[in-house]
Each structure stands twice: as structure tokens, then as C-alpha cells.
Asker: 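One structure is given below, represented as C-alpha cells, and several questions about it will come after.
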Amino acid sequence: MSRCERTWGLEVHHKRIDGGNDLNNAMVLCHKCHVNTHSYGDSNHKSPEPFSEETKKAALKRAGNRCECTKGTCCL
Ligand SMILES: [Zn+2]
Ligand SMILES: [Zn+2]
């Protein structure tokens, strides 16, 4: 299975738009994969609660500082 291995331009994505802003709802994605998520930049969705710096740091650490996308279609 291919997965994205980018380690730069990482952003912390909300898994669920209404899932809150704690670590359970955080997923590390590079910008390219983040843009590819359907909710990104969709003006019909109101923006979810932003993650705190602490949560972002914890999410990046958990992900080993790389994109966690496993779709394999947006990462090529
Ligand atoms: Zn990626
Ligand atoms: Zn991807």
C-alpha cells in the first residue's frame, strides 16, 4: 500500500468537522493531501475549532513528523 511520506508542509487536519479540537480528532497531512480532503476550503462548512499549538505539536510527534495520508491517490 502506498502512503504519503512527505515530511514538509505539514498541517493538522480535523478528522471530523464536528469532532472537536482535541488530539483524537487530529490527523497530520501535508498541504497537498489536506487540500484533497473534501471538507477543506468548503465554504458550506463552518470552520471547526482550531487546534491549539500544543495539540498540533502532539499530533506531529505522534505521526513521526510526516503525512498520515494513506489514500495513495493524492500523494503521488
Ligand atoms: Zn501527504
Ligand atoms: Zn494523500
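Whatever order the structure lists ligands and atoms in, that order sets their numbers, starting from 1. Along the sequence shown, the residues carry numbers beginning at 1.
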Asker: Mark yes or no for whether E49, through its side chain, and G20, through its backbone, hold a donor-acceptor pair below 3.5 Å.
Answerer: no
Asker: Is the Zn ion (ligand 1) less than 2.8 Å from an N/O/S atom of C33, whether that atom is in the backbone or a side chain?
Answerer: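 Checking the Zn ion (ligand 1) against C33, an N, O or S atom does fall under 2.8 Å.
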Asker: Provide the closest heavy-atom pair for C74 versus K32 in the form atom of the first, atom of the second, distance.
Answerer: O-CE, 3.4 Å
Asker: What I'd like to find out is whether the side chain of N25 reaches to under 4.5 Å of the side chain of K15, using heavy atoms alone.
Answerer: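 With C-beta onward as the side chain, the pair touches.
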Asker: Kindly report the SG-the Zn ion (ligand 1)-SG angle for C67 and C30 respectively, rounded to 10°.
Answerer: 120°
Asker: Is E54 salt-bridged to K57, going by a charged N under 4.0 Å from an acidic O?
Answerer: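 The answer is no: the pair does not qualify as a salt bridge.
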Asker: Using 2.8 Å as the threshold, say whether any N, O or S atom from C4 sits that close to the Zn ion (ligand 2).
Answerer: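 Looking at C4, which is the residue asked about, there is no N, O or S atom under 2.8 Å from the Zn ion (ligand 2).
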